[in-house]
Amino acid sequence: MLRFILTRTAFALPTLLIVAVTVFALMRFVPGDPTTVMLGDLATPENVAAMNKRLGLDQPIPWQFVTWLGNVVRGDFGLSIVSGQAVLPLIVERFRVSATIVLVAVALATLIAVPAGMLAAWRQDRFTDLAVIATSTVFLSIPSFWLGLMLLLVFGLNLGWLPIVGYVPFAENFGSALLYILMPVATLVLVESGPVARMTRASTIEVARLDYITHARAKGLSEPAVMWRHAFKNAFAPTWTLIGLILGSLLANIAVIETVFTIPGIGRLMIDAISARDYPIVQGCMLFVALIYVVVNLIVDLIYPLLDPRVAA
């Protein structure tokens, strides 16, 4: 087990380095002079030279990367061009908002979709199975932004049950905060329950055909006991991998939902920074999100042997 953990962690380090190189290169491939774009009407030759020197853009590209990577390792992501704030604390503050919505949505989607998928597999080719498959397929096919807009239209504008604009932190008012995140969370739960239920169903059907399940039934165990005590752990292992991918993907692509519901998360921060040509924030957000994605998948890999000990063998 220890060897497995060390191996997976060692594999993550080159990935993080590749991510850093990719983010750095992407920002250098943006058309036009970033300093001129950032300065706008103030882009005189003197101001451009001063900005290049302050950002280290007058140095050779390899040295720029080494300097930038060294600062990142120390937790220095630079300063925002627009506000002058330190980039990392700003990203962390916005990321808390995004993480709250994503973690709650993924947890609820898992609690709903996993039992539904297992029940569908246990009643394969019956009405319950067909209903779960049909519902999963429908929600899987709906774009999240469209579903979010429909929820806003129905429950926000027409019925007036929920607020449609803004965000309240849980530390300020728990009840109001719950109302503001209800529709974003519901949107993600509905959309992401589809693939989780389908994966759970497929893996449960495969596990249900194994000999040890037949042996458990032969001992006289009830179907619920066979399903939850014997089949669940092995059936959940592939689904756990999918949940990890969904979690990382949502943290990276939450910008759409945050834009629809005007939530001040990290995705909205990146979009605003792109509009304002605030390159330090754009670069910091890209790197931070990529790092989170890698870390989430590393955690998923490290937990997987608890579900399937054969992986660490």
Side-chain angles (χ1 to χ4, degrees), residues 101-155 161-162 181-218 221-251 253-254 256-257 260-261 296-297 300 303-304 306-308:
I101 294 173
V102 169
L103 291 175
V104 171
V106 171
L108 291 177
T110 302
L111 291 175
I112 295 171
V114 169
M118 293 192 68
L119 181 61
W122 233 253
R123 298 185 177 276
Q124 187 178 4
D125 297 330
R126 300 179 187 176
F127 175 78
T128 303
D129 182 27
L130 298 177
V132 171
I133 293 176
T135 305
S136 301
T137 303
V138 168
F139 285 117
L140 182 63
S141 305
I142 298 177
S144 59
F145 73 88
W146 185 87
L147 181 58
L149 290 173
M150 292 302 101
L151 292 179
L152 278 174
L153 180 64
V154 174
F155 296 102
W161 292 353
L162 298 170
I181 71 166
L182 189 57
M183 283 193 290
V185 168
T187 302
L188 295 179
V189 168
L190 292 174
V191 171
E192 301 303 336
S193 293
V196 175
R198 290 169 66 91
M199 173 62 78
T200 304
R201 175 184 178 274
S203 58
T204 303
I205 289 175
E206 183 178 352
V207 169
R209 295 169 179 169
L210 298 179
D211 292 339
Y212 81 96
I213 297 295
T214 304
H215 179 67
R217 285 171 172 159
L221 295 178
S222 64
E223 286 298 309
V226 173
M227 181 169 64
W228 293 110
R229 287 172 52 188
H230 294 273
F232 171 73
K233 191 173 182 179
N234 286 337
F236 184 68
T239 306
W240 171 247
T241 301
L242 177 63
I243 292 172
L245 293 174
I246 290 174
L247 180 60
S249 177
L250 286 179
L251 290 172
N253 301 307
I254 191 65
V256 174
I257 293 298
V260 170
F261 293 99
V296 166
N297 282 278
V300 169
I303 293 178
Y304 199 94
L306 299 178
L307 302 173
D308 188 353

Task: Criterion side chain to side chain contact (heavy atoms under 4.5 Å, CB included) against Glu192, the qualifying member of Ile246, Leu247, Ile112 - done: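 One option only clears the test, and that one is Ile246.
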
Task: Sole residue of Val191, Val106, Val296 in side chain to side chain contact (heavy atoms under 4.5 Å, CB included) with Leu250 - done: Val106

Nearest non-hydrogen partners of [X] and [Y], listed with the distance:
{"X": "Pro115", "Y": "Thr110", "result": "CD-O, 3.7 Å"}
{"X": "Val256", "Y": "Ser144", "result": "CG1-OG, 4.3 Å"}
{"X": "Ala113", "Y": "Ser193", "result": "CB-O, 3.4 Å"}
{"X": "Ser203", "Y": "Thr239", "result": "OG-OG1, 3.8 Å"}
{"X": "Ala197", "Y": "Ser136", "result": "CB-OG, 3.5 Å"}
{"X": "Pro184", "Y": "Ile257", "result": "CB-CG2, 4.0 Å"}

TODO: Using the side-chain contact (heavy atoms from CB on, under 4.5 Å) rule, take Met199 and Thr241 through it: C-alpha gap first, then chi angles, then the decisive distance, then the call.
DONE: CA-CA 10 Å; Met199 173 62 78; Thr241 301; over 6 Å; no

When rounded to the nearest 0.5 angstrom, what distance separates [atom1] in [X] from [atom2] in [Y]?
{"X": "Gln124", "Y": "Thr204", "atom1": "CD", "atom2": "OG1", "answer": "10.5 Å"}
{"X": "Leu162", "Y": "Met183", "atom1": "CG", "atom2": "CE", "answer": "5.0 Å"}
{"X": "Leu151", "Y": "Leu190", "atom1": "CG", "atom2": "CG", "answer": "7.0 Å"}
{"X": "Thr128", "Y": "Ile133", "atom1": "OG1", "atom2": "CD1", "answer": "11.0 Å"}
{"X": "Asp125", "Y": "Leu130", "atom1": "CG", "atom2": "CG", "answer": "7.0 Å"}
{"X": "Ile142", "Y": "Thr187", "atom1": "CD1", "atom2": "OG1", "answer": "10.5 Å"}

TODO: Spell out, as yes or no, whether a donor-acceptor pair under 3.5 Å connects the side chain of Thr135 to the backbone of Val132.
DONE: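 Such a contact is absent between Thr135 side chain and Val132 backbone.
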
Open item on the list: Please check this pair: side chain of Ser249 against backbone of Leu245, looking for a donor-acceptor N/O pair closer than 3.5 Å.
Closed with: no

Open item on the list: Quick check on Glu206: does its CD atom have over 12 non-hydrogen neighbours (other residues, nucleotides or ligands) under 6.0 Å away?
Closed with: no

Task: Audit row: Leu182, Phe155, side-chain contact (heavy atoms from CB on, under 4.5 Å) steps and yes/no - done: CA-CA 11 Å; Leu182 189 57; Phe155 296 102; over 6 Å; no

- [ ] Decide yes or no on side-chain contact (heavy atoms from CB on, under 4.5 Å) for Leu149 and Leu153, but give the supporting numbers first.
- [x] CA-CA 6 Å; Leu149 290 173; Leu153 180 64; over 6 Å; no

